[in-house]
Number of protein chains: 2
Amino acid sequence: MNDRREHIVELIQKHDKVYIADLTNHFQVSTMTVRRDLSSLEKEGKIIRIHGGAVAAQPLRHETAYQVKENVNVVEKKAIAQEAASLIADHSTIILDSGTTTLELARCLKDREGLSVVTNDVLIAAELVNSSVDVIVTGGELQHEVGAMFGSHTERLLQSIYVDQCFLGVHSVDTAGQVRAPSIEKAKIKRLMIDSANETWVLADYSKIGHKAFAHVCHLEELVGIVTDEQSHARHLHDNMVVAKMQEEGGDL
Amino acid sequence: MNDRREHIVELIQKHDKVYIADLTNHFQVSTMTVRRDLSSLEKEGKIIRIHGGAVAAQPLRHETAYQVKENVNVVEKKAIAQEAASLIADHSTIILDSGTTTLELARCLKDREGLSVVTNDVLIAAELVNSSVDVIVTGGELQHEVGAMFGSHTERLLQSIYVDQCFLGVHSVDTAGQVRAPSIEKAKIKRLMIDSANETWVLADYSKIGHKAFAHVCHLEELVGIVTDEQSHARHLHDNMVVAKMQEEGGDL
DNA sequence: ACATTGTTGTTTATTTATAACAAAATTTAG
DNA sequence: CTAAATTTTGTTATAAATAAACAACAATGT
């Protein structure tokens, strides 16, 4: 029993939050036993109980990058995803880059007929398992928390294919129209995706515009366009960008 | 509005069941609007409302293979998974074959230190995104509903690696100890996994024992052992099988 | 005999559903 | 082409349904 309670504390410190249902599965005990463990541990001040589970008493570790990202600008991401979905024809083949905005796009495509999707994101692949879409997974090493795959294996598959369209999730588009990624490795993958597609679109909500991430991927002029939300117009968008806006009254920039 | 309602009916017929939360996201409307749509469609007899969503009025399509599989013998699968987890050392490298039992095993391994997992199942990979485990995804074409990857790409990766242990999910182990799979393609993948591992274990609950699926994979004697539940003893297990039982009082068969 | 766990029934918290009204959007009539 | 009328939608408050928490007791194992 003490082993289990120590283990519970460890689990909470690792994940910041645990659910009772998960703990009953993990230890194969009843909910009542878990509740008693949590009550006891809360009395000791080691954890704090919440409805359905418990959280760490001292949240030492900050939230993971991905957990933050997934819940930021959700409305904008959904709107961008819907706009991007309208650019995709049935019976075509596309690349979906790893990312939260492209994940939203995948959700919009679940019921499409005859669509083939190549992706380097296991969360996108998992989302499309129960769909009418054909999926090809690049494979490779899995990046923790994000779900992206990278490495030589990923690169080799990308080099062996050619698709109609590519949709990139990016970390920054700076004021000069440079598309940038947080690592050389990621930039390389994105570059390969661009080279394997007839046309490439960038998906980026306003929070990505104007920042300058580490590694250069390409210039917007090399691509067909960017799908973004109207708030981006308040920022410093270079003139000769091709921009597909979501709001119909706006038109190109 | 009528477009949306027709679309809702289509979605329900495709997925057998939809949730209001999903519909509000999909159409970007309020819950109230969705509720009114569902009420109206129920009055027309096209759907049947349930708490939190709606189901098809005439459930023409049977449940998908995977949805059935995932909810069958859950207790046995969890127990088998826990037993299998105890066979795995920290800081080792293993292959996890696609399957519901191996998915349970993956859940048991989330907090292991220094473990590396190679898998051909996107659901396993997605499960391990937020874990301490290093994951290598084989890549390849994705099989609908199951989440397994196959094809030349998968095979090439498996041929390029070597691991400590391999855990196979199988469709049948017949009375002669033949391990079998539902397709030649799948059998080929499993065979490659066996060849890429120092030792291979089969995970199979009692419902798999005694049946005879389509394609031959290997004989149990070629492997290190099988992890199963005690109900299997009631069935026709061949004598010279190596069996790791879950119940300690049992021992080898 | 004691500590631990699971089961049952009961209370509390949360989520989902409904109803009534106000704000847009659309249609129709003048 | 405007203005009333109708339809559709979103918001708020309230009610119903579900899930979670708790308490008391029985069962299990040490």
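Every chain is numbered from 1 and lettered A, B, ... according to where its sequence line falls, protein lines coming before strand lines. Every value quoted in this text rests on a predicted model; they were computed, and no experiment measured them. Excluded from the calculations below are hydrogen atoms, water molecules and symmetry mates; all remaining heavy atoms, backbone and side chain alike, are included.
B/Lys43 is not listed as a side-chain neighbour of B/Ser40, based on a closest heavy-atom distance of 4.5 Å or more. Put simply, the side chain of A/Thr100 reaches to within 4.5 Å of the side chain of A/Lys77, judged on heavy atoms.
Contact annotation: B/Ser30 reaches the phosphate of D/dG10 (side-chain N/O to OP1 or OP2, under 4.0 Å). Here B/Arg49 reaches the OP1 or OP2 of C/dT18: one of its side-chain N or O atoms lies under 4.0 Å away. Checking the phosphate oxygens (OP1, OP2) of D/dA24, no side-chain nitrogen or oxygen of A/Arg36 falls inside 4.0 Å. Taking only side-chain nitrogens and oxygens, B/Arg4 comes nearer than 4.0 Å to OP1 or OP2 of D/dT9.
For the residue pair A/Ser132/A/Arg112, the side-chain donor-acceptor check at 3.5 Å is not satisfied. Using a 3.5 Å distance cut-off with no hydrogens or angles, the side chains of B/Thr119 and B/Asp121 do not pair a donor with an acceptor. Under the 3.5 Å distance criterion, with hydrogens and angles disregarded, a donor-acceptor pair is assigned to the side chains of B/Ser39 and B/Arg49.
Atom CG of B/Leu38 and atom P of D/dT8 are 16 Å apart (whole Å). Atom P of nucleotide D/dG10 and atom CD1 of B/Ile20 are separated by 14 Å, given to the nearest angstrom. When the C1' atom of C/dT5 is taken as reference, atom CG of A/Asn2 falls 14 Å away, rounded to whole Å. Atom pair B/Asp37:CG and D/dG10:C1' shows a separation of 13 Å (rounding to whole Å applied). In this structure, the CZ atom of A/Arg35 is 12 Å from the C1' atom of C/dT12, given to the nearest Å. Per the geometry, NZ belonging to A/Lys43 stands 16 Å off P belonging to D/dA21, to the nearest Å. Going from atom CG of B/Leu23 over to atom P of C/dA17 covers 11 Å, rounded to whole Å.
Position along DNA chain C of the nearest nucleotide to B/Met32 versus A/Gln28 favours A/Gln28 as the more 5'-ward residue. Checking B/His51 against B/Arg5, the closest nucleotide of DNA chain D that is more toward the 5' end is the one next to B/Arg5.
Checked against D/dC22, D/dG10, C/dA17, the side chain of A/Ser39 finds its nearest nucleotide in D/dC22. Side-chain atoms of B/Thr33 lie closest to D/dT9 of the nucleotides D/dC22, D/dT9, C/dT18.
A/Ile50 comes within 4.0 angstrom of the backbone, heavy atoms only, and of no base.
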